[in-house]
Amino acid sequence: MPLDQKIKELQERRQKILLGGGEKAIQKQKALGKGTARERIMILLDEGSFSEYDMFVEHEARDFDMDKKSLPSDGVIIGTGTIEGAPIAIFAQDFTVAGGSLGLMHSRKITKIMDHALKMRIPLIGINDSGGARIQEGVNSLAGYGEIFFRNTLSSGVIPQISVILGPCAGGAVYSPALTDFVFVVQNISKMFITGPEVIKTVLGEEISMEDLGGAKVHSEITGNAHFYAETEDECFAKIKELVSYIPWNNQRKAKPMEPAEPIRECDIDKIVPDDPTLPYDVKDVIRSVTDKSEFFEIQRHWAKNIVIGFGRINGATVGFVANQPLEMAGVLDVDSSDKAARFIRYCDAFNIPIITFVDLPGYLPGVDQEHAGVIRHGAKVLYAYSEATVPKITVIIRKAYGGGYIAMGSRHLRADFVFAWPGAEIAVMGPEGAANIIFKKEIMASDDPDATRKAKVEEYKTKFANPYVAAAKGYVDAVIEPGETRRLLIHAIEVSDNKSVSLPFKKHGIPPF
Ligand code: HXC
């Protein structure tokens with residue numbers, strides 16, 4: 001056969017496969033505000049950059065009349081491309097083909113692209129839209145998931161792994177996203193759960209909709225499983241591109257620097273923190289007053305809001321921010337905020353991203369609920385993550401740094417490289433009121449005017465300890481600085497620590513308080 005005819009045959013074969021599960025299934029997909037798998041890849045990747053592999057793979061199942069069915073590309077598209085020039089490996093499940101269900105060949109395609117991503121040390125993006133294990137393929141489907149989870153774990157901390165939930169992600173399938181670094185969800189489209197509403201109804205007799213069980217809001221606000229929430233698929237893809245711009249391709253590289261830019265000075269850093277130390281303020285204003293263009297790419301914005309995490313740039317370099325949020329529960333550390341901070345610190349550490357910590361917290365949250373929910377175990381994760389991290393660590397104490405909170409939030413004692421304190425910083429074992437009530441209890445009780453004595457003792461304690469100078473006198477704080485000096489000192493600290501080199505004692509791995 002002459003070459004042009006062979007090319008024509010190739011084109012015809014391709015054309016047939018590009019129809020996926022057929023017009024009807026595609027229309028159903030569109031009616032739900034969803035794109036097809038290939039459309040999604042095309043929107044996400046740079047134009048013309050996608051190179052598809054294994055387009056002609058077919059399933060090999062024979063039971064339940066499967067031998068009579070052709071499933072184009074076996075319901076998953078894989079390949080490589082670029083996002084604003086960064087190389088990316090990608091898979092996208094095609095719900096129009098057998099509900100994107102995962103059989104043996106489907107899983108082999110996914111594991112092939114995962115192996116490729118790890119070997120080439122490039123980020124992996126997985127678009128999940130699937131009814132889960134392909135029921136007709138039995139244990140082969142389960143084997144496929146196991147192979148995926150194993151690779152997710154091997155790749156963890158080596159290449160960035162991003163999961164995008166653009167449809168159902170049911171049953172054991174949820175554990176692949178859960179093992180990856182960042183999970184994106186979209187309003188009304190994403191559904192993630194271990195056991196669906198029907199099983200819950202049968203086993204527990206409870207009725208619940210898929211949305212209320214594991215919709216995008218649930219995972220953004222309640223469980224913390226999702227890191228980014230979008231209202232539409234397009235918004236979601238824009239956010240993924242932004243994320244990719246902040247992170248390096250692998251753990252041997254640094255994030256690509258951008259052109260340095262000044263913050264947009266719409267807020268005066270001197271005026272953010274109120275004079276009255278009992279009043280809250282938005283710590284994101286502090287972050288934006290030091291970042292290039294005042295940009296801050298927040299992660300897990302809707303969950304555990306008492307701590308703020310995310311990426312920004314300082315003089316062109318990507319940095320990770322961890323900041324107590326006085327607007328929410330006075331910025332305390334609790335079970336969820338500890339998990340949120342600790343995981344992000346480990347992410348930054350794995351991918352060579354300096355960590356900037358802004359401190360303003362009254363400590364760990366007291367109470368029976370927190371104690372019984374394991375605040376000891378979860379809170380310890382923050383200590384572990386900061387202590388273990390060897391990337392540059394820069395800490396700025398804005399206001400309160402009390403008790404365990406002082407130690408946990410990137411203190412000198414956990415090997416912060418630079419510790420700065422603003423003049424209003426209060427570094428003490430506990431808040432002045434609590435402290436005075438305990439250590440001056442006898443004097444207060446014996447006094448003719450206990451209230452006046454208490455007030456006087458609180459003031460005495462404040463003057464003595466609730467300031468940055470005691471810590472500065474011991475060298476626990478390197479410099480007491482004016483708020484307006486913060487950005488300049490952060491730029492300097494990041495430049496100075498560009499070649500930081502420390503090593504941990506030899507170990508196979510530590511035993512963090514998971
Ligand atoms: C085979 C499946 C499938 C599956 C969907 N399909 N899920 N085929 N195995 N798991 C097929 C349907 O038969 C249908 O085929 C097509 O995909 C579209 O599905 P619909 O049901 O018509 O779509 P919709 O109404 O949108 O409902 C989507 C859904 C539902 C909610 C995902 O399909 C569903 O509940 N599926 C089963 C989910 C599930 O229980 N999966 C197994 C979980 S256990 P036709 O030919 O009619 O178009 C699991 C274990 C993994 O995953 C453990 C790993 C550790």
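Values below: all heavy atoms of this structure, side chains included; hydrogens, waters and symmetry mates excluded. Just so you know, ligand 1 is whichever comes first in the structure, and atom 1 is the first atom listed for that ligand.
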Colleague: Nearest protein heavy-atom contact for atom 6 (N) of ligand 1: which residue, which atom, what distance?
Modeller: A98 O, 3.8 Å

Colleague: Is a side-chain donor-acceptor pair under 3.5 Å present for Q136 with D65?
Modeller: no

Colleague: Select one of side chain, backbone, both or neither to describe which atoms of S101 lie under 4.0 Å from any atom of ligand 1, heavy atoms only.
Modeller: side chain

Colleague: Going by atom types alone, do D46 and T82 pair a side-chain donor with an acceptor below 3.5 Å?
Modeller: yes

Colleague: Checking a contact table here: which protein heavy atom is nearest atom 39 (C) of ligand 1, and how many Å away?
Modeller: G131 O, 3.3 Å

Colleague: Provide, to 0.1 Å, the distance between atom 24 (P) of ligand 1 and the closest protein heavy atom, together with that atom's residue and name.
Modeller: K28 NZ, 4.0 Å

Colleague: Salt-bridge test for E211 and K191: reply yes if a basic N is under 4.0 Å from a carboxylate O, no otherwise.
Modeller: yes

Colleague: Under 3.5 Å between any N/O of L142 and any N/O of ligand 1: does that happen in this structure?
Modeller: no

Colleague: Return a yes/no value for R134: is any of its N or O atoms, backbone included, closer than 3.5 angstrom to an N or O of ligand 1?
Modeller: no

Colleague: Under 4.0 Å from a heavy atom of A133: give me the atoms of ligand 1 that qualify, with their elements.
Modeller: 4 (C), 9 (N), 10 (N), 49 (C), 50 (C), 51 (C), 52 (O)

Colleague: State the atoms of ligand 1, each with its element, that fall below the 4.0 Å cut-off from a heavy-atom position in F149.
Modeller: 55 (C)

Colleague: Do T232 and D234 have side-chain N/O donor and acceptor atoms under 3.5 Å apart?
Modeller: no

Colleague: Give me the residue, atom name and distance of the protein heavy atom closest to atom 19 (O) of ligand 1.
Modeller: F95 CZ, 4.1 Å

Colleague: So does R14 pair up with E52, basic N to acidic O under 4.0 Å?
Modeller: no

Colleague: Looking only at heavy atoms, is any part of Y175 under 4.0 Å from ligand 1, and if so is it the side chain, the backbone, or both, or is it neither?
Modeller: neither

Colleague: Among all protein heavy atoms, pick out the one at the shortest distance from atom 14 (C) of ligand 1; state its residue, atom name and that distance to 0.1 Å.
Modeller: G99 N, 5.0 Å

Colleague: Is it the case that atom CD in Q27 sees more than 12 heavy atoms from other parts of the structure closer than 6.0 Å?
Modeller: yes

Colleague: Run the numbers for me: atoms of ligand 1, each under 4.0 Å from some heavy atom of Y145, listed by number.
Modeller: 51 (C), 54 (C)

Colleague: As an exercise, identify every atom of ligand 1 less than 4.0 angstrom from a heavy atom of Q136.
Modeller: 1 (C), 9 (N)

Colleague: Tell me, do P177 and C169 make a side-chain contact under 4.5 Å, heavy atoms counted?
Modeller: yes

Colleague: So if I count the atoms of ligand 1 from 1 in the order they appear, which ones are less than 4.0 Å from some heavy atom of A170?
Modeller: 52 (O)

Colleague: Hey, what's the ring geometry for F296 with F321, parallel, tilted or perpendicular (30° and 60° as the breaks)?
Modeller: perpendicular

Colleague: What residue and heavy atom of the protein are closest to atom 53 (C) of ligand 1, and at what distance?
Modeller: G172 CA, 3.6 Å

Colleague: Mind checking whether P168 has an N or O less than 3.5 Å away from an N or O of ligand 1?
Modeller: no

Colleague: Note the single closest protein heavy atom to atom 9 (N) of ligand 1, along with its residue, its atom name and the distance in Å.
Modeller: I135 N, 3.1 Å

Colleague: Pairs of nitrogen or oxygen atoms closer than 3.5 Å, one from G171 and one from ligand 1: do any exist?
Modeller: no

Colleague: Among all protein heavy atoms in this structure, tell me which lies nearest to atom 31 (C) of ligand 1, with the distance rounded to 0.1 Å.
Modeller: M210 CE, 3.8 Å

Colleague: So, are E84 and K241 salt-bridged, with charged N and O less than 4.0 Å apart?
Modeller: no

Colleague: Would you find more than 12 non-hydrogen atoms of other residues, nucleotides or ligands less than 6.0 Å from K69 atom NZ?
Modeller: no

Colleague: Within a reach of under 6.0 Å around CZ of F56, are more than 12 heavy atoms found that belong to other residues, nucleotides or ligands?
Modeller: yes

